[in-house]
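Step one of this worksheet: look at the structure below.
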Number of protein chains: 2
Amino acid sequence: MFLFHATKYECPFDCFINMIKGKWRTTIILSLINGPKRFSQLHRLINGISAKVLSDNLQILEENHILTRTVYPAIPPTVEYCLTEQGTEFANIIEDINTWAYHYTKID
Amino acid sequence: MFLFHATKYECPFDCFINMIKGKWRTTIILSLINGPKRFSQLHRLINGISAKVLSDNLQILEENHILTRTVYPAIPPTVEYCLTEQGTEFANIIEDINTWAYHYTKID
DNA sequence: CGGAATCCCCTTTGATACTG
DNA sequence: CAGTATCAAAGGGGATTCCG
């Protein structure tokens, strides 16, 4: 299907690679599966990530329409991140990958 | 399933991320779907990759049992790369991802 | 609270040259 | 043919500091 059986493999899914790439991206996405969360919630939930890296990655994911960022003007400010429909599909794919990876690690 | 609906998301599929990560890894794997290929074939097939990066990545994929490297002693030397069973499963997953990515890019 | 700015580090990539 | 050696560049990550 698509270009994969052709002679050259110009990958149309570079978008996916860009989205999954990086140490934290998939973890962030999976953390939002059960519903929207705030910045500090994500920060606490994802063990070991720095605020800067979390912020950077959230921006990238927002630009790619994987999640939405909603600001509730208040003091203190509240910002909520939520998966888009596409982001949810994306999360499902990551879970499928996990199924494979689980068996894979069993083999090793 | 697994840990993804738990509170913390320590990813058991880091192995997958490590395998898919990098600019060329998936392209290399897909290039081998239709059967084993030699180093120079891959080099020509994958547009823009340098010999060093191709070599580095092939080694990593071999270490992770995604592909096998077979040397046929001859002059000039011949080396053949071939997906393992696990590597083939991996390639199928990448193709599935592509299906999603294809629709995703259509939306954008 | 939710970041942005800065600086350093490390890994990966890229370009070039060389070899059994 | 199938690489390796070497070095420079680029990108992402980590720690710290500052801000509305």
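Letters go in sequence order (proteins before strands), and every chain restarts at 1.
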Between C:dC1, D:dG13, D:dG12, which nucleotide has the shortest distance from any of its atoms to the side chain of A:Lys21? D:dG12
Would you indicate whether the side-chain heavy atoms of A:Thr78 and A:Arg38 approach each other to under 4.5 Å? yes
Find every protein N or O atom lying less than 3.5 Å from an N or O atom of nucleotides 15-19 of chain C, and list the pairs.
none

In this structure, how many angstroms lie between the P atom of C:dG3 and the CD1 atom of A:Ile49, rounded? 13 Å
Non-hydrogen atoms of A:Leu83 and A:Ala91 that approach each other most closely: CD1-CB, 4.2 Å
A:His43 atom NE2 is separated from C:dA4 atom P, nearest whole Å, by 14 Å
Return no unless some side-chain N or O of A:Arg25 is found under 4.0 Å from OP1 or OP2 of D:dG12. no
Distance below 4.0 Å between A:Arg38 side-chain N/O and C:dC1 OP1 or OP2: no
Which heavy atom in A:Ser31 sits nearest to a heavy atom in A:Ile46, and how many Å separate them? OG-CG1, 3.7 Å
B:Thr68 side chain to B:Cys82 main-chain N or O, any donor-acceptor pair under 3.5 Å? yes
The nucleotide from C:dG20, C:dG2, C:dT13 with an atom nearest the side chain of A:Ser40 is C:dG2
Just N and O in the side chain of B:Gln59: are any of them under 4.0 Å from OP1 or OP2 of D:dT4? yes
Nearest whole angstrom, please: distance from the P of D:dA2 to the CG of B:Leu45. 14 Å
Contact summary for A:Trp100 and B:Glu89, nearest pair of heavy atoms: NE1-OE1, 3.0 Å
Nearest-Å distance, CH2 (B:Trp24) to C1' (C:dT11)? 17 Å
Going by the angle between their ring planes, with limits at 30° and 60°, are B:Phe39 and B:Tyr81 parallel, tilted or perpendicular? tilted
Once you round it to whole Å, what is the distance between C1' of C:dG3 and CZ of A:Arg44? 15 Å
From CD1 of A:Ile75 across to P of D:dG20 the rounded distance in Å is 13 Å
Measure CG/A:Leu54 against P/C:dG3 and give the value in whole Å, please. 8 Å
Can you figure out which of D:dG3, C:dG14, C:dC1 approaches the side chain of A:Pro76 most closely? C:dC1
Let me know the distance between CG of B:Leu58 and P of C:dT13, rounded to the nearest Å. 12 Å
Nearest-nucleotide pick for B:Asn57, side chain only, options being D:dC1, C:dT13, C:dG3: C:dT13
Would you confirm whether A:Thr84, through its side chain, and A:His65, through its main-chain N or O, come within 3.5 Å as a donor-acceptor pair? yes
Residues A:Thr27 and A:Lys23: closest non-hydrogen pair is OG1-O, 4.3 Å
Name the closest nucleotide to the A:Pro77 side chain, picking from C:dG14, C:dG2, D:dG3. C:dG2
Within the structure, does a side-chain N or O atom of A:Ser55 lie under 4.0 Å from either OP1 or OP2 of C:dG2? no
Checking all strands, does B:Tyr81 fall into the base, sugar-phosphate, or nothing category for heavy-atom contacts under 4.0 angstrom? sugar-phosphate
